[in-house]
There are 2 protein chains.
Amino acid sequence: MSETTPEPRSFLIADDHPMVRDALRAALSQAFPGAAICAAASLGEAQAGLEGQPETDALLLDLDMPGMEGLTGLALLRSDWPTVPIIVVSAARDARMARRTYDLGASAYVDKSASLEEIAATVRAVLDGEVIAPPAVEDGDTFAQRATQLTPQQWRVLALMVQGDQNKQIAYKLGVGEATVKAHVTVILRKLGVRSRTQAVIEARSLSLPTV
Amino acid sequence: MSETTPEPRSFLIADDHPMVRDALRAALSQAFPGAAICAAASLGEAQAGLEGQPETDALLLDLDMPGMEGLTGLALLRSDWPTVPIIVVSAARDARMARRTYDLGASAYVDKSASLEEIAATVRAVLDGEVIAPPAVEDGDTFAQRATQLTPQQWRVLALMVQGDQNKQIAYKLGVGEATVKAHVTVILRKLGVRSRTQAVIEARSLSLPTV
DNA sequence: CACGCCCTCATACTTTAGTCGAAGGCGCCG
DNA sequence: CGGCGCCTTCGACTAAAGTATGAGGGCGTG
């Protein structure tokens, strides 16, 4: 509260590129002295980091990371830890991509070519509770919007579908019955507006790519 | 035969970017005076162009084009017109990608940052019958190699699978029975070393992306 | 507490996917 | 020419995917 003794912050940096990780870490430690900064190089490590530190003030998330599979991983993290603000740090300076991450609940979107000062400023704004809306993109990219209707468990199912798992494997990995998985799949397909598992996987994986 | 009166050449440029198309056209028309140069902006147009001009001397093919779906379109063209040399013109300067296109039967691989002179030289070499092997990449990228085992009809089936079509639709589009398509799918899955349609689609679509 | 939402699961059913065996065409080679 | 291999085609069969309906329990909210 006091301006002279700011409470210590805790961050989690998720990026598989060591150089980027160090740069972000340096920027944060300079902008927020005494901050606790953790790092993760994959979606799994990021999940583990949040598991051990659920009070993380902000997650800086790279989209092109093992296990992310496009924006599926973002939505997955967002579903499991809805209170942790996520700042997407992507290599692509694409307004549509920014819009998609916004639709999926990201608090901000910065591209890697931005200066560290800009990134620090963005983080500061997010810590103040701001949600940085992307420049209005009036495109008909309805898939990402439809995807926001998915529940957390449905996101987990979709994430495994996207990896090529079949219902039986998904049931085992999630510790539920196959009938349950099938029920989820049915709802997922309806919500996404597709007619088959294959189409759902195609669209979900295409989320992170430029629109063809 | 005679050096003073070179026979007229015919080329097909397939790229959805008008600027690139014009640049390539200019380069070719300068390097090969009197050449007949056609253009296509999608996989379908490229197929139509080859249909009407099967004696094309070389196809300059962009990978990021509507309908291509990664390297699937390349293999499709290669299967349907095995005698037409294909020169891949890609935006990505990636040795692995070059290797994959080589495995799939491309005669050469140049990236768009190359000068028009380099491209013209490459085309000339290909017209002389050369196949420009990529720098040795000793990685275990076996999927593209496995994919070369597919027959032309199997490639057509896979191309439609990758678009999300189901067997019944594929059968209709190819003018065969559904049982036939199923038989092809079975062989495709075995040749690709995967165990489900979804996995095959994931891998086929990932062919054009950097290895995760 | 009643209501809605999510997760869970079972049962039964329809549709799609995938496997197996087999037949005919076609080129190649001894 | 007869055999051989490959491609294509297909029907019958088994497995998986997807739908419909119903039901029970947990959890937050007015």
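Numbered from 1 within each chain, the chains take letters A, B, ... in sequence-line order. Worth saying up front: this structure is predicted, and the values here are computed from it rather than measured.
- For A:His184 and C:dC9, the shortest distance from a side-chain N or O to OP1 or OP2 is not below 4.0 Å.
- Of the residues near DNA chain D, B:Gln154 and A:Arg190, the one whose nearest nucleotide (by heavy atom distance) lies more toward the 5' end is B:Gln154.
- Distances shorter than 4.0 Å separate some side-chain N or O of A:Thr151 from OP1 or OP2 on C:dC7.
- Summarising the geometry, the separation between CE on B:Met161 and C1' on C:dT16 is reported as 13 Å, rounded to the nearest angstrom.
- One interatomic measurement links the two molecules: CD of A:Gln149 to C1' of C:dC6, which rounds to 15 Å at whole-angstrom precision.
- The footprint of chain B on DNA chain D, defined by a heavy-atom cutoff below 4.0 Å, extends from D:dC7 to D:dG11.
- The distance from atom NZ of A:Lys182 to atom P of C:dC13 is 14 Å, rounded to the nearest whole Å.
- Regarding B:Glu178, its CD atom lies at a distance of 12 Å from the P atom of C:dT15, rounded to whole Å.
- With contacts defined as side-chain heavy-atom distances shorter than 4.5 Å, the pair B:Lys173/B:Arg156 does not qualify.
- Residue contacts for B:Thr186: at a heavy-atom cut-off of 4.0 Å it reaches a base atom on one of the strands shown.
- For the segment residues 162-169 of chain A, the set of residues with a heavy atom within less than 4.0 Å of an atom of DNA chain C is empty.
- A cation-pi arrangement, defined by a distance under 6.0 Å to the six-membered ring centre and an angle within 45 degrees of its axis, is present between A:Arg124 and A:Phe32.
- Atoms CZ (B:Arg197) and P (C:dT15) sit 18 Å apart, rounded to a whole Å.
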